[in-house]
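Here is the structure we will look at.
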Amino acid sequence: CLRAEGAGFTNRKESYAGGDGYCGWATALHLSARGYRVCIVDNLCRRQFDLQLGLDTLTPIASIHDRIRRWGEVSGKHIELAVGDICDWVFFSEAFTSFNPDAVVHFGEQRSAPYSMIDRQRAVFTQTNNVVGTINVLFAIKELKPDCHLVKLGTMGEYGTPNIDIEEGYITINHNGRSDTLPYPKQGGSFYHLSKVHDSHNIHFAAKAWKVAATDLNQGVVYGVRTEETAADPLLINRYDYDGIFGTALNRFVVQAAVGHPLTVYGKGGQTRGYLDIRDTVRCIQVGALALAQVPSSGTVQCPPSCALQIAIDNPASCGEMRVFNQFTEMWSVNQLADIVSKEGKRMGLEVQVTNVPNPRVELEEHYYNAKNTKLQDLGLQPHLLQESMVDSLLEFAIQYKSRVRHELIKPAVDWRKTGSKVATSSA
Ligand code: NAD
Ligand code: USQ
């Protein structure tokens with residue numbers, strides 16, 4: 001079902017806002033390899049954040065120009081590039097018109113919760129960048145190509161940690177004898193997570209008002225680094241953040257274990273989230289993008305009969321509906337992740353300790369968590385689960401690059417209750 005070579009899929013034109021980032025680069029290559037015509041749109045602000053704050057990725061990443069050049073040599077496929085800000089309407093509308101995409105896959109946002117909590121300036125930047133960028137994407141579709149599909153990266157963190165099951169986007173509520181199916185209540189835990197909540201409302205409105213076809217992929221925390229395509233050549237290597245601002249839980253724990261730093265469990269460690277392997281991110285996006293084939297307004301894309309997406313095509317979403325998929329494969333608490341990394345690290349002969357540091361965030365540390373995630377699997381996703389072999393290979397990867405690790409960047413760097421960042425080289 002994840003093949004893209006079938007009739008109708010080759011030559012589909014996909015535009016990747018944020019295609020130089022962690023998820024976007026891996027996905028752009030994955031789909032380029034499978035016959036999609038890809039244009040990356042990115043203003044490279046993620047690289048700028050590292051320069052401003054004195055951070056660096058574990059892996060030595062090439063410039064976007066070198067990455068794309070090398071991909072052309074390795075694969076024989078051409079990726080187009082437009083460097084600019086999607087919040088800049090003049091730039092973005094020109095880039096959009098010139099590429100004329102069938103789908104926009106929108107990764108292009110400031111995605112760190114700690115970054116958004118550093119100070120007023122970063123909170124305002126995060127919400128302006130994310131909300132305005134998404135509105136521009138919606139207007140581009142409405143005004144320039146109404147049958148272009150939007151695949152938007154949302155986040156599981158939009159739901160927060162309610163004391164009831166988390167549904168996929170919508171919940172049916174019975175109230176005072178009446179019933180309705182409504183967007184699931186949102187409780188973002190940072191100005192970043194709240195920017196995604198605002199995006200979801202704006203997309204939901206545009207879908208209703210303008211009949212934009214949209215899929216919101218509420219993604220969990222991503223781990224891992226290698227995909228088939230990014231592993232094909234050193235110049236294609238993906239970024240791997242381990243610092244206290246952009247590094248995410250499992251990726252951080254793996255680097256910490258590799259360099260002998262105690263694993264930094266925040267607070268009691270009962271915080272539970274949905275997680276997925278980056279190899280599943282790239283496949284989910286493809287499923288999400290292809291699943292839009294079922295939206296009647298597309299008209300141009302046909303699914304091969306053997307494709308599991310046939311299930312979706314037989315049950316089409318109505319035009320103007322914002323479809324929501326919860327994009328994660330397993331749920332783990334922070335304590336469980338620390339346990340897994342610790343056991344695997346010790347098995348490989350590493351000395352791994354776990355420490356409970358005061359939680360820099362405001363979040364529940366013990367809570368109920370049960371989120372649904374059946375829609376992508378119903379569409380054919382067969383997940384890579386977090387098995388020992390995965391943690392092993394990630395640990396080996398981190399050990400390979402351990403000389404690049406700067407220990408002072410590992411500690412938690414942003415406190416939700418205070419202003420400023422404690423990154424060693426930043427005066428923020
Ligand atoms: P990233 O920071 O590595 O990549 C984001 C890219 O978007 C960067 O290359 C950046 O330069 C670009 N960008 C940001 N604002 C832009 C703008 N205004 N115009 C043009 N380009 C812009 O982030 P990521 O980890 O790849 O995340 C991608 C998306 O997935 C984000 O929307 C994020 O919220 C979502 N997501 C990520 C994770 C995760 O664990 N990494 C989990 C869930 C959801
Ligand atoms: N945590 C620790 N120790 C650490 C790092 C994190 O205990 O060293 C805890 C955090 O307190 C939190 C949990 O682990 O409870 C997850 O934190 P994270 O930093 O791994 O992820 P988060 O800040 O939620 O953000 C990441 C991505 C973001 C995406 C989100 C998906 O940066 O772009 O939206 O994961 S989700 O969490 O489902 O909202």
Side-chain angles (χ1 to χ4, degrees), residues 16-27 40-50 57 64 82-88 91-92 95 105-117 125-126 128-130 132-134 136-137 152-161 188-190 192-193 195-196 199 217-223 238-239 241-253 256 263-276 278 281 285 326-328 332-335 337-338 355-357 359-365 371 410-412 416:
Y16 289 81
D20 184 45
Y22 173 56
C23 300
W25 176 240
T27 308
I40 287 176
V41 181
D42 199 304
N43 65 351
L44 313 182
C45 66
R46 175 66 193 84
R47 294 175 186 251
Q48 195 63 27
F49 302 148
D50 280 354
T57 135
I64 184 65
V83 175
D85 187 342
I86 63 168
C87 297
D88 171 354
F91 158 78
F92 183 59
V105 186
H106 179 16
F107 302 92
E109 301 205 325
Q110 190 302 98
R111 70 102 178 129
S112 157
Y115 184 94
S116 76
M117 299 300 292
F125 169 79
T126 301
T128 310
N129 184 62
N130 296 359
V132 173
T134 298
N136 277 353
V137 173
K152 165 66 168 53
L153 270 291
T155 181
M156 285 300 294
E158 291 180 39
Y159 302 118
T161 51
S190 70
Y192 155 70
H193 286 103
S195 75
K196 307 295 254 192
D199 281 343
L217 297 172
N218 279 344
Q219 186 168 238
V221 189
V222 182
Y223 61 82
N238 205 347
R239 63 177 311 119
D241 299 312
Y242 65 90
D243 63 85
I245 297 185
F246 284 92
T248 49
L250 181 56
N251 282 354
R252 270 167 65 70
F253 289 170
Q256 291 167 356
L263 311 192
T264 54
V265 170
Y266 294 169
K268 293 182 186 152
Q271 303 94 304
T272 304
R273 304 285 184 268
Y275 287 81
L276 78 163
I278 191 160
T281 291
I285 307 286
N326 288 347
Q327 180 168 313
F328 69 93
W332 302 104
S333 71
V334 176
N335 283 331
L337 290 181
T355 179
N356 289 80
V357 301
N359 196 338
R361 305 186 182 199
V362 176
E363 60 186 356
L364 293 181
E365 295 173 4
I410 289 179
K411 63 184 179 304
W416 264 221

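Just so you know, ligand 1 is whichever comes first in the structure, and atom 1 is the first atom listed for that ligand. Just so it is clear, the model here is predicted, and its values are computed rather than measured.
- Between D20 and R46, no side-chain nitrogen of the basic residue sits less than 4.0 Å from a carboxylate oxygen of the acidic one, so the salt-bridge criterion is not met.
- Geometric assessment of R252 against the ring of Y223 yields a negative cation-pi assignment under the 6.0 Å and 45° thresholds.
- Near ligand 2, residues R111, A113, T155, M156, G157, Y192, H193, Q219, G220, V221, G247, T248, A249, R252, F253, T264, V265, Y266, Q271, R273, V334, R361, E363 come within 4.0 angstrom through at least one heavy atom.
- Inspection of the T155 and Q219 side chains reveals no N or O donor paired with an N or O acceptor under 3.5 Å.
- A ring-centre distance under 6.0 Å is not found for Y192 and Y115.
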Filter the ligand 1-protein atom pairs down to N or O on both sides and distance under 3.5 Å, then list them.
unit_1: ligand 1; atom_1: 3 (O); unit_2: Y22; atom_2: N; d: 2.9
unit_1: ligand 1; atom_1: 9 (O); unit_2: G21; atom_2: N; d: 3.2
unit_1: ligand 1; atom_1: 9 (O); unit_2: D42; atom_2: OD1; d: 3.4
unit_1: ligand 1; atom_1: 9 (O); unit_2: D42; atom_2: OD2; d: 2.6
unit_1: ligand 1; atom_1: 11 (O); unit_2: D42; atom_2: OD1; d: 2.7
unit_1: ligand 1; atom_1: 11 (O); unit_2: C45; atom_2: N; d: 3.1
unit_1: ligand 1; atom_1: 11 (O); unit_2: R46; atom_2: N; d: 3.1
unit_1: ligand 1; atom_1: 15 (N); unit_2: G108; atom_2: O; d: 3.3
unit_1: ligand 1; atom_1: 15 (N); unit_2: N129; atom_2: ND2; d: 3.1
unit_1: ligand 1; atom_1: 18 (N); unit_2: D85; atom_2: OD1; d: 2.8
unit_1: ligand 1; atom_1: 18 (N); unit_2: N129; atom_2: OD1; d: 2.7
unit_1: ligand 1; atom_1: 19 (N); unit_2: I86; atom_2: N; d: 3.1
unit_1: ligand 1; atom_1: 21 (N); unit_2: N43; atom_2: N; d: 3.2
unit_1: ligand 1; atom_1: 21 (N); unit_2: N43; atom_2: OD1; d: 3.2
unit_1: ligand 1; atom_1: 25 (O); unit_2: R111; atom_2: NE; d: 2.9
unit_1: ligand 1; atom_1: 26 (O); unit_2: Y22; atom_2: N; d: 3.2
unit_1: ligand 1; atom_1: 26 (O); unit_2: C23; atom_2: N; d: 2.7
unit_1: ligand 1; atom_1: 32 (O); unit_2: F107; atom_2: O; d: 3.4
unit_1: ligand 1; atom_1: 32 (O); unit_2: K196; atom_2: NZ; d: 2.7
unit_1: ligand 1; atom_1: 34 (O); unit_2: Y192; atom_2: OH; d: 2.6
unit_1: ligand 1; atom_1: 34 (O); unit_2: K196; atom_2: NZ; d: 2.7
unit_1: ligand 1; atom_1: 36 (N); unit_2: Q219; atom_2: NE2; d: 3.4
unit_1: ligand 1; atom_1: 40 (O); unit_2: V222; atom_2: N; d: 2.9

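- The side-chain contact (heavy atoms from CB on, under 4.5 Å) check on V221 picks up T248, R273, Y275, with sequence neighbours excluded.
- Atoms NZ and NZ, on K152 and K196 in that order, are 4.0 Å from each other to the nearest 0.5 Å.
- Defined by atom type and a distance below 3.5 Å, a donor-acceptor pair is missing between the side-chain atoms of N356 and Y266.
- For N238, the side-chain contact (heavy atoms from CB on, under 4.5 Å) partners at least two apart in sequence or on another chain are Y22, W25, A26, R67, V225, T230, I278.
- Counted by atom type alone, E365 and Q271 present zero donor-acceptor pairs between their side chains at under 3.5 Å.
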